[in-house]
Structure formats: structure tokens, C-alpha cells
Asker: 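Right, I'll just put the structure down here and ask away after.
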There are 2 protein chains.
Amino acid sequence: MILTGNSLVNERLHMTRSPRINGRSPLRKRDANRPSARQRIFDTASELFYLKGIRAVGVETIAAEADTTKMSLYRNFPSKDELVAEWLREHDANFWQTWDAMANRHSKDPRRQIKAAFALLAKHVADPKARGCPMANAAVELTEKDHPARKVIEAHKAKLRARLVQICTQMGAREPRLLADQLFLLMEGAQVTTQTLGVRGPARNVARAAKMLIDANLRAS
Amino acid sequence: MILTGNSLVNERLHMTRSPRINGRSPLRKRDANRPSARQRIFDTASELFYLKGIRAVGVETIAAEADTTKMSLYRNFPSKDELVAEWLREHDANFWQTWDAMANRHSKDPRRQIKAAFALLAKHVADPKARGCPMANAAVELTEKDHPARKVIEAHKAKLRARLVQICTQMGAREPRLLADQLFLLMEGAQVTTQTLGVRGPARNVARAAKMLIDANLRAS
DNA sequence: CAAGAGAGTTACCGGTCAGTATCATACCAT
DNA sequence: ATGGTATGATACTGACCGGTAACTCTCTTG
């Protein structure tokens with residue numbers, strides 16, 4: 001193997017060893033302004049899992065990067081596998097919080113909901129640091145069918161699919177399930193292609209693709 | 001970690017330890033009918049990488065599963081990373097061989113070429129043992145940007161995208177690049193969704209999705 | 001002030017990782 | 001028969017893996 005990404009990343013999430021500024025001492029080991037060890041570990045793990053991959057990041061690396069030790073990790077999480085599952089659970093929560101906020105802004109207009117969702121997606125896949133969907137990526141990496149993260153992943157995707165069907169029904173599509181699946185494929189495709197063809201790849205046409213597909217489906221009804 | 005899939009798989013690619021049949025001894029260690037160690041290693045690695053993931057499969061497991069030893073692996077391949085790259089290179093070759101054969105059957109009809117391509121894809125994602133696209137999966141797992149497999153992956157996907165643009169141009173689409181990207185997104189989406197929502201997921205609508213998209217694009221011109 | 005909780009530190013466990021060295025064996029073509 | 005080539009077998013290296021034990025420190029709360 002070339003290198004298992006154990007080198008330190010450049011920017012830290014929570015600076016703790018920052019040089020003292022104008023006489024006042026920097027954040028001490030225990031400080032009200034400093035996030036808890038659990039929080040630092042969780043944030044660091046989330047970032048590293050996403051950017052480097054789950055299997056490529058060891059618990060030792062996570063702890064060091066969070067400026068703590070492995071012991072604090074295992075005091076707060078039962079295992080690496082559970083930490084991974086926890087990370088994905090939080091991603092799911094954040095996802096739906098964003099989604100619901102967006103949906104509430106256009107509560108009477110399903111078409112605008114879809115448009116807004118794809119605008120968000122388009123913005124995400126335009127970020128050169130983005131590396132697709134954490135859920136889908138985790139599904140690729142974690143092939144053990146009884147891994148605790150798998151049910152999180154499957155539930156997340158199933159819920160998204162159902163939500164799309166609901167919106168497509170509200171839009172009055174003749175075959176809401178078909179349109180929903182088509183939109184789902186576009187979403188997933190956009191996320192995965194950023195990892196092979198980058199931000200200038202097919203992903204940048206995902207919003208237009210969705211629009212054409214919706215028009216085609218509504219015209220048919 | 002739950003388990004790093006080092007247990008033996010049930011079915012062997014090349015049976016070597018098969019019980020003797022009607023008095024004649026089974027395949028011996030060296031036998032004209034027996035594939036070379038290199039071939040057995042390559043075939044086994046290809047299967048395991050695809051089914052269990054690259055990082056989840058160790059060289060020791062590959063060797064054992066191929067009924068040989070690590071030494072034979074390293075006599076035939078410079079490293080695991082190169083073995084991975086080699087696997088993907090062969091996948092690329094097979095892919096284009098199949099594609100070209102299909103294209104030649106409909107050399108004057110780009111529309112039928114696309115239809116045939118999506119029929120093949122639909123058949124693949126209907127296989128419950130399938131686990132998406134090896135190239136895309138490898139891109140998820142191998143985050144080191146200088147991994148020898150990465151250039152294979154990027155070249156493969158870029159070539160596919162270009163090929164789609166070419167066919168869409170021949171079809172007379174007003175915006176062949178747009179349509180090509182749309183089809184690309186559907187293809188990639190179908191592959192990746194089989195790993196989260198299975199064969200009954202959105203992937204089963206990929207062919208219809210492609211048809212509608214093409215119709216919509218051609219109608220617009 | 002006392003007690004307890006959260007956190008840091010260090011050392012360690014057994015196992016697996018990719019990769020190598022060495023020697024023995026079996027086959028094939030000459 | 002012989003010599004080269006592919007293969008097998010075993011043992012090993014050093015690094016890293018996930019996970020644990022035991023002890024100290026420090027801050028907060030009563």
C-alpha cells in the first residue's frame with residue numbers, strides 16, 4: 001500500500017496548540033470554550049472518514065488529529081464501527097433537517113421543492129473538496145452485511161426514495177414512482193461521478209437533467 | 001472491526017482440491033489443464049476485490065483462495081496496488097470489447113446502440129450479486145491521488161463520457177454533451193444504488209429513464 | 001474542602017498488514 | 001539425463017490495526 005493516510009492534515013478543526021496571541025495563553029486543556037473530547041473526536045472522525053475513507057483512517061489517527069488519545073475515543077464510543085454508524089446517523093439527521101427546512105419554504109409547491117433540492121445538490125457537487133455522498137461511499141467500503149452502519153445507510157436511502165415518490169405524486173406525475181427513481185438515479189450519479197470526473201464532469205448538468213426529466217414526465221400525463 | 005473477510009468463499013474459481021473422480025487423480029499441482037498461478041491469483045483477486053472491496057481483502061487471503069502462496073503473488077505482480085491497477089485495466093479492456101461488439105451490431109443506428117448499452121446495464125444491475133461498478137467503487141476506496149489505479153479509473157470514465165457524446169451527436173441531439181452527461185449520470189446512479197437499495201431499487205428503472213431522456217432531448221431539437 | 005467526573009498519558013495485547021528471504025520440489029524442453 | 005523455469009512451503013520483518021489496563025491530573029460541583 002502506498003500510504004495509509006496517517007499524516008496530519010493541515011487545518012485543524014479545533015485549534016488547541018495554537019501559538020499564544022498577545023500575551024494571553026491559548027486554549028488550555030480544560031476550557032469552557034474548548035469542545036469536549038467527544039465532540040472533537042466526532043468532528044475529526046467525520047471529516048477524516050469523508051475525505052480519506054473509512055478503512056483508510058485508523059482510530060489512532062483520529063485521536064491524534066483531535067488532539068487527544070485513543071482512550072478518550074473508546075470512553076465515548078464503543079467501537080470504531082459504532083463511531084462510523086454514529087457519524088452516518090448524524091449525517092442523516094443533518095440531511096433531513098436541511099431538506100425539511102427547504103421543503104417548508106415551498107410547502108405548497110412540490111415542483112419548487114425538487115428544484116431547490118437539486119440546486120443544493122448542484123452546489124455540493126461543485127465543491128472540489130467534496131467526495132460524493134458519505135452514505136453511498138460507506139456502502140461501498142463496508143461490505144459486511146451486518147455492519148451497524150448498513151441499516152443506517154439503507155434506511156436513509158429508502159426514506160429519500162419514498163420522499164421523492166411523495167413529491168412526485170404531489171406534482172401530479174402520471175407515474176410518480178418512475179419519476180422518483182429517475183431523479184434518484186440522477187442524484188446518486190452526480191455524487192459518484194465527482195469522484196472520477198470531478199466538478200467539471202457530468203455532475204454539473206444534474207439540475208438541468210432533473211428539469212428535463214420532470215418536464216418529460218409531466219408532459220406525458 | 002467486525003471481521004476482515006478472510007474466511008474462505010464457498011465456490012472456487014479453479015478447483016484444485018476437488019475429490020478424485022472414478023479412480024483418476026484430480027488436477028495435480030502442475031497440469032496443462034490447470035491455469036497458471038498468475039492466472040489463478042488474478043482471477044481470485046478480481047473476484048474478491050469486487051465482492052468484498054479492495055482494502056478489505058489482503059494479499060494472504062488472495063493467495064490462499066487461489067490455492068497458492070503470497071510468494072507466487074509477488075513473483076507475478078510488483079505490489080498489491082499494481083495488482084489492483086491491473087485488475088481495473090483488464091476490466092476496462094473487457095468493457096470496451098463488449099461495448100464495441102454491441103456498437104458494431106448497430107453501426108448505423110446510434111439510438112439502438114444506446115438502447116443496447118442500457119439493456120446490458122439493466123441486466124447487470126438486476127444481478128443480486130452485483131456490487132456496482134468496479135471502477136467507481138475503487139475510486140471511493142482509493143483516495144490517495146497518486147494511486148496507480150486512479151489514472152486507469154479516470155481514463156476509463158473520460159473515455160465513456162466522450163463515447164456517449166459521440167453517439168448523442170450521431171443521434172442528432174441539439175445538445176449532445178448535455179444528453180451524454182444525463183445518460184452518464186443515469187448509468188453511474190444505477191450502479192451505485194444497487195449497493196444501497198438493491199435490485200428492486202431505482203436501478204431497475206434505468207432503461208426507461210434513459211429512453212425518456214433521449215426522447216425529451218430529441219423532441220427539443 | 002471533598003468527591004467525583006472528564007480527560008490526559010503511557011504501555012501494552014493479540015492479530016493482521018504488505019512485502020521478503022530461503023530452500024525444496026515438480027515439470028518441461030533440450 | 002539435464003538444466004532452466006515455475007511453483008510450493010515456511011518463516012520472517014517492521015509497521016499498523018482495533019482495543020484495553022492502570023494511573024495521574026484538573027476542573028467542577030456539592
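Treat the numbers as computed from the prediction; the structure is a model and nothing was measured. Keep in mind that the numbers below use all heavy atoms, side chains included, and drop hydrogens, waters and symmetry copies. By convention in this document, chain letters (A, B, ...) are assigned in the order of the sequence lines, proteins followed by strands, and residues within each chain are numbered from 1.
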Asker: Under the side-chain hydrogen bond (donor to acceptor under 3.5 Å, both in side chains) rule, collect the residues that match up with A:D92, sequence neighbours excluded.
Answerer: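 Only A:W96, A:H156 meet the side-chain hydrogen bond (donor to acceptor under 3.5 Å, both in side chains) criterion with A:D92.
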
Asker: Specify the separation, in whole Å, of atom CZ of B:R55 and atom P of D:dC16.
Answerer: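 Whole-Å distance recorded here is 14 Å.
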
Asker: In whole angstrom, give the distance that lies between atom CG of A:D67 and atom P of C:dG6.
Answerer: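 For the pair A:D67 CG and C:dG6 P, the rounded distance is 20 Å.
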
Asker: Report yes if at least one side-chain N or O of B:T69 is closer than 4.0 Å to OP1 or OP2 of D:dA9; otherwise report no.
Answerer: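 Checking D:dA9 against B:T69, no side-chain N or O comes under 4.0 Å of OP1 or OP2.
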
Asker: Distance check needed: D:dC16 C1' versus A:K52 NZ, whole Å only.
Answerer: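 Going from A:K52 (NZ) to D:dC16 (C1'), I get 17 Å.
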
Asker: Measuring from B:L142:CG to B:I54:CD1, what's the distance to the nearest 0.5 Å?
Answerer: 4.5 Å

Asker: Can you check whether A:Y74 has a side-chain N or O nearer than 4.0 Å to OP1 or OP2 of D:dT20?
Answerer: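 For D:dT20, neither OP1 nor OP2 has a side-chain N or O of A:Y74 closer than 4.0 Å.
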
Asker: Nearest to the side chain of B:M71, which nucleotide is it out of C:dT20, D:dG8, C:dA7?
Answerer: C:dT20

Asker: With a 4.0 Å cut-off on heavy atoms, is A:S72 in touch with a base, just the backbone sugar-phosphate, or nothing at all?
Answerer: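 Sugar-phosphate contact only - A:S72 comes under 4.0 Å of backbone atoms but never of a base.
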
Asker: Look only at the side chain of B:R131 and the backbone of A:V140, and say whether a donor-acceptor pair between them is shorter than 3.5 Å.
Answerer: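 Here the side-chain-to-backbone pair exists.
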
Asker: For a quick check of understanding: with a heavy-atom distance under 4.0 Å over all strands, which category does B:R75 fall into, base, sugar-phosphate or nothing?
Answerer: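 Touches a base.
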
Asker: My understanding is that only residues two or more places apart in sequence, or in another chain, count here; which of them pass side-chain hydrogen bond (donor to acceptor under 3.5 Å, both in side chains) with A:D100?
Answerer: A:R163

Asker: Give the rounded distance in Å between these two atoms: CZ of B:R34 and P of C:dC27.
Answerer: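 After rounding, the gap between these two atoms is 11 Å.
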
Asker: Rounded to whole Å, please give me the gap between NZ in A:K70 and P in C:dT9.
Answerer: 15 Å

Asker: Of the nucleotides D:dG8, C:dG8, D:dT7, which one has an atom closest to the side chain of B:S36?
Answerer: D:dT7

Asker: What integer distance in Å separates A:I41:CD1 from C:dG6:C1'?
Answerer: 12 Å

